Visitor: 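Sharing a structure, written as structure tokens. Questions coming.
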Amino acid sequence: DPALAKCLVKRDVIRIVTPGTVTEASMLDDKKNNYLMCIYKESVYFGISVVDISTGEFLSTEISFGNTVNKLIDEIAKFSPSEIVINRKFLDEDGKLAGDIAKKFNAYITPFDNEYFEERAAMDKLLEKFNDKAMLKECTSLQICASGALLSYAEQTQKADLSHIEGLESYKVDEYMILDAATRRNLELCETMREKERKGSLLWVLDRTMTSMGARTLRKWIEQPLVNVSDIHMRQEAVGELKEKFMLRSEIRELLKGVYDIERLISRIVIGNVNCRDLLSLKASIGQIPYIKELLKNCESEQNIRLLNGLDNLDDIYSLIDSAIIDDPPVSVKEGGIIKEGYNAEVDKLRRASTD
């Protein structure tokens, strides 16, 4: 606080904004994830890790067989990251490939010191963050190196604990249908081939979602088609049930109109880049959960029942925001007058002192 400083005021960088670490809603496409990717190159093999800081999604895989460079290009095409962090060894050994990737995908390439990619250091960082050895057992050393380095980079730029990133999901490249970059472009899955626009693509035709979270999920399903037959059947049954039950679907859609982008609201709260209106948006979204759960009780498919059982009403969060924040708060926290009368005795006392 400059008012309390006796001499020079201590100054510090409180956050570094890069293409892959943006969390401001005004700078993001609400229907598309903003992925930050990390690629660790060791010989001809690659460890890949991907995070969306705005939602908390954290994934990892490795490419260790076949034409690894082509598979790497396909994997980058799947996520379309806005920024790619690479180890300096990658840049030194194959600068041309790094340059080609940057040009092809219009992604910002950020070299990161090799020390963060060392397996021991990367493992320590992941254990410090998640404290879950069982979860990390599913990851190979290539995945550990990429994931640990990516976490270090995210924490260094955001200068926050990123507690909304709750776990690392390991997946295999062949879990989903392999579509190379040319196939994705020619099929016009998420954008048209010539104008690079959403309108006219398969996603544009299919997307009738009511929330930003739904739109991002649908995009993910289109970009990463399932290949496991039982998983496909489970999803088809869930979608089919809602397709057949017109009234149920209509009522759920109506409720979802009142649900804001909870994933990105939570990330802004954790990072500390949030205002009171965001909190009221979160309260309004949580308020729809009990009604949605009541409607889902009429579902019979395995996937929809699982979704119902996994829904938490978040009553404690709702009550906290409802009792603390006034109904029409100012945009900026600095304007004051955001805490409700009766919530905090000391605030009430100071408020009376300033007026009476």
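Basis for what follows: all heavy atoms, side chains included, without hydrogens, waters or symmetry-related copies. Predicted model, so just to flag it, every value in this text is computed and none were measured.
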Visitor: How about CD on Glu346, more than 12 heavy atoms from neighbouring residues, nucleotides or ligands closer than 6.0 Å, or not?
Guide: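 For Glu346, atom CD is not crowded (no more than 12 foreign heavy atoms under 6.0 Å).
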Visitor: Is there a donor-acceptor contact under 3.5 Å linking the side chains of Ser267 and Thr23?
Guide: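 No.
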Visitor: Which distance, rounded to the nearest 0.5 Å, do you find between the OH of Tyr40 and the OG of Ser141?
Guide: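 So the gap between those two atoms works out to 7.5 Å.
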Visitor: If only atom types and distance count, is the side chain of Asn304 paired as donor or acceptor with the main-chain N or O of Leu296 below 3.5 Å?
Guide: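 Not a single qualifying donor-acceptor pair exists.
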Visitor: Enter the distance from Lys133:NZ to Leu127:CG here, rounded to the nearest 0.5 Å.
Guide: 6.5 Å
Visitor: Are Ile326 and Asp328 packed together at the side-chain level, in the sense that at least one heavy-atom pair is separated by less than 4.5 angstrom?
Guide: no
Visitor: Looking just at side-chain N and O atoms, do Tyr171 and Gln224 make a donor-acceptor pair shorter than 3.5 Å?
Guide: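 Side chains of Tyr171 and Gln224: no pair found under 3.5 Å.
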Visitor: Would Asp124 and Arg120 pass as an ion pair if we require N to O under 4.0 Å?
Guide: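 Salt bridge flag = yes for Arg120 with Asp124.
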Visitor: Please check if Met213 and Leu242 belong to a single hydrophobic cluster, counting links between Ile, Leu, Val, Met, Phe, Trp and Tyr side chain heavy atoms closer than 4.5 Å.
Guide: yes
Visitor: Please determine which of Lys220, Arg216, Arg264 meets the salt bridge (Lys or Arg N to Asp or Glu O under 4.0 Å) test together with Glu57.
Guide: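 Looking at Lys220, Arg216, Arg264, the match for Glu57 under the salt bridge (Lys or Arg N to Asp or Glu O under 4.0 Å) is Lys220.
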Visitor: Specify whether Phe58 and Phe130 have parallel, tilted or perpendicular ring planes, treating 30° as the upper limit for parallel and 60° as the lower limit for perpendicular.
Guide: tilted
Visitor: Step by step, work out the side-chain contact (heavy atoms from CB on, under 4.5 Å) result for Lys340 and Asp327.
Guide: CA-CA 9 Å; Lys340 274 185 178 176; Asp327 294 334; 4.0 Å; yes
Visitor: Under 3.5 Å, is there a donor-acceptor pair between the side chain of Lys283 and the main chain of Ile325?
Guide: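 Here the side-chain-to-backbone pair does not exist.
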Visitor: For Asp74 and Ala181, which heavy atoms make the closest approach, and how far apart are they?
Guide: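 For Asp74 and Ala181, the tightest heavy-atom pair comes out as OD1-N, 3.6 Å.
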Visitor: Kindly compute the distance separating CG (Leu255) from NZ (Lys293), expressed to the nearest 0.5 Å.
Guide: 14.0 Å
Visitor: Any chance you could measure Lys78, atom NZ, to Tyr176, atom OH, to the nearest 0.5 Å?
Guide: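 One gets 7.0 Å once the value is rounded to the nearest 0.5 Å.
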Visitor: Parallel, tilted or perpendicular, judged at 30° and 60°: which one describes the rings of Phe112 and Tyr153?
Guide: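 The rings of Phe112 and Tyr153 stand perpendicular, inter-plane angle above 60°.
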Visitor: Show, in sequence, the C-alpha distance, side-chain angles and deciding distance for Leu202 and Glu188, and conclude whether the side-chain contact (heavy atoms from CB on, under 4.5 Å) test is met.
Guide: CA-CA 6 Å; Leu202 175 63; Glu188 298 186 311; over 6 Å; no
Visitor: Would you confirm whether Ser60, through its side chain, and Val50, through its main-chain N or O, come within 3.5 Å as a donor-acceptor pair?
Guide: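 No; zero donor-acceptor contacts below 3.5 Å.
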Visitor: Less than 4.0 angstrom from a charged side-chain N to a carboxylate O is my criterion; do Lys71 and Glu75 meet it?
Guide: no
Visitor: Look at the side-chain heavy atoms of Ile, Leu, Val, Met, Phe, Trp and Tyr, link any pair under 4.5 Å apart, and say whether Ile339 and Val333 land in one connected group.
Guide: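 Yes, same cluster.
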Visitor: Tell me whether the count of non-hydrogen atoms from other residues, nucleotides or ligands lying under 6.0 Å of CG in Asn228 goes above 12.
Guide: yes
Visitor: Is a side-chain donor or acceptor of Asp278 paired with a backbone partner of Asn275 at a separation under 3.5 angstrom?
Guide: yes
Visitor: If you draw a 6.0 Å radius around CG in Asn309, do more than 12 non-hydrogen atoms from other residues or ligands fall strictly inside?
Guide: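 Atom CG in Asn309 is packed in, count exceeds 12.
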Visitor: Any side-chain to backbone donor/acceptor pair from Gln303 onto Met234? Under 3.5 Å, distance only.
Guide: no
Visitor: With hydrophobic residues grouped by side-chain heavy-atom distances under 4.5 Å, do Ile292 and Ile266 end up in a single group?
Guide: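 In one cluster: yes.
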Visitor: CD1 of Ile73 to CD1 of Ile101: how many Å apart, nearest 0.5 Å?
Guide: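 Those atoms lie 4.5 Å apart.
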Visitor: Can any side-chain N or O of Ser201 pair as donor or acceptor with the backbone N or O of Glu197 at less than 3.5 Å?
Guide: no
Visitor: Do any N or O atoms from the side chain of Asp180 and from the backbone of Asn70 form a donor-acceptor pair under 3.5 angstrom?
Guide: no
Visitor: What I'd like to find out is whether the side chain of Glu300 reaches to under 4.5 Å of the side chain of Glu241, using heavy atoms alone.
Guide: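 In short, these two side chains touch, coming nearer than 4.5 Å.
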Visitor: Evaluate Lys129 against Glu155 for salt bridge (charged side-chain N to carboxylate O under 4.0 Å, His left out), listing each step before the verdict.
Guide: CA-CA 11 Å; Lys129 171 69 177 168; Glu155 288 182 355; 5.1 Å; no
Visitor: If we only count heavy atoms from C-beta on, is the Asn273 to Arg15 side-chain gap below 4.5 Å?
Guide: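 When only atoms from C-beta onward are counted, Arg15 and Asn273 do touch, with a gap below 4.5 Å.
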Visitor: Does a side-chain heavy-atom distance below 4.5 Å link Thr21 with Ile16?
Guide: no
Visitor: Using modelled atom types and a 3.5 Å cut-off, is there a donor and acceptor pairing between side-chain atoms of Ser49 and backbone atoms of Cys38?
Guide: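 Judged by distance alone, no pair lies under 3.5 Å.
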Visitor: Determine, using the 4.5 Å side-chain heavy-atom cutoff (strictly less than), whether Ile252 and Ile305 are members of one ILVMFWY cluster.
Guide: no
Visitor: Rounded to the nearest 0.5 Å, how far apart are NZ of Lys32 and SG of Cys190?
Guide: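 So the gap between those two atoms works out to 8.5 Å.
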Visitor: Is there a path of hydrophobic side-chain contacts, each under 4.5 Å between heavy atoms of I/L/V/M/F/W/Y residues, joining Leu72 to Leu91?
Guide: yes
Visitor: Hey, which of Leu142, Val173, Ile39 is the one that makes side chain to side chain contact (heavy atoms under 4.5 Å, CB included) with Ile63?
Guide: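 By the side chain to side chain contact (heavy atoms under 4.5 Å, CB included) criterion, Ile63 pairs with just one of Leu142, Val173, Ile39: Val173.
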Visitor: Could you check Thr18 against Thr157 for side chain to side chain donor-acceptor pair (under 3.5 Å), going step by step and ending with a plain yes or no?
Guide: CA-CA 8 Å; Thr18 71; Thr157 54; 5.4 Å; no
Visitor: Identify the two heavy atoms, one from Leu36 and one from Val85, that lie closest to each other, and give their separation to 0.1 Å.
Guide: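 For Leu36 and Val85, the tightest heavy-atom pair comes out as CD1-CG2, 3.9 Å.
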Visitor: Assess whether salt bridge (charged side-chain N to carboxylate O under 4.0 Å, His left out) is satisfied between Lys257 and Glu254, documenting all intermediate values.
Guide: CA-CA 5 Å; Lys257 285 180 182 177; Glu254 201 59 37; 3.4 Å; yes
Visitor: Side-chain contact test, heavy atoms from C-beta onward, threshold under 4.5 Å: evaluate it for Glu128 versus Leu151 and give yes or no.
Guide: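 No, their side chains stay 4.5 Å or more apart.
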Visitor: Within a strict 4.5 Å, meaning less than it, do heavy atoms of the Phe246 and Arg249 side chains meet?
Guide: yes
Visitor: Quick one: closest heavy-atom pair of Ser147 and Leu168, and the distance?
Guide: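 That closest heavy-atom pairing would be OG-CD2, 3.6 Å.
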Visitor: Without swapping roles, check the side chain of Ser152 against the backbone of Gly148 for a donor-acceptor pair under 3.5 Å.
Guide: yes
Visitor: Step by step, would you call Val69 with Asn67 a side-chain contact (heavy atoms from CB on, under 4.5 Å)?
Guide: CA-CA 6 Å; Val69 172; Asn67 189 326; 4.0 Å; yes
Visitor: Would Leu203 and Leu189 count as a side-chain contact (heavy atoms from CB on, under 4.5 Å) here? Give the steps.
Guide: CA-CA 6 Å; Leu203 178 62; Leu189 296 178; over 6 Å; no
Visitor: Between the main-chain N or O of Ile14 and the side-chain N or O of Asp12, is there a donor-acceptor pair closer than 3.5 Å?
Guide: no
Visitor: More than 12 foreign heavy atoms under 6.0 Å from OH of Tyr260: is that the case here?
Guide: no
Visitor: I want to check something: taking the side chain as every heavy atom from C-beta on, are Thr211 and Asp261 in contact at a cut-off of under 4.5 Å?
Guide: no
Visitor: Whether the Ser80 and Arg184 side chains hold a donor-acceptor pair (N or O, under 3.5 Å, no angle test) is what I'd like checked.
Guide: no
Visitor: Hey, does Ile338 have a side-chain heavy atom less than 4.5 Å from the side chain of Pro330?
Guide: yes
Visitor: Of the options Glu62, Lys137, Gln143, which is the one that meets Ser170 in a side chain to side chain donor-acceptor pair (under 3.5 Å)?
Guide: Gln143
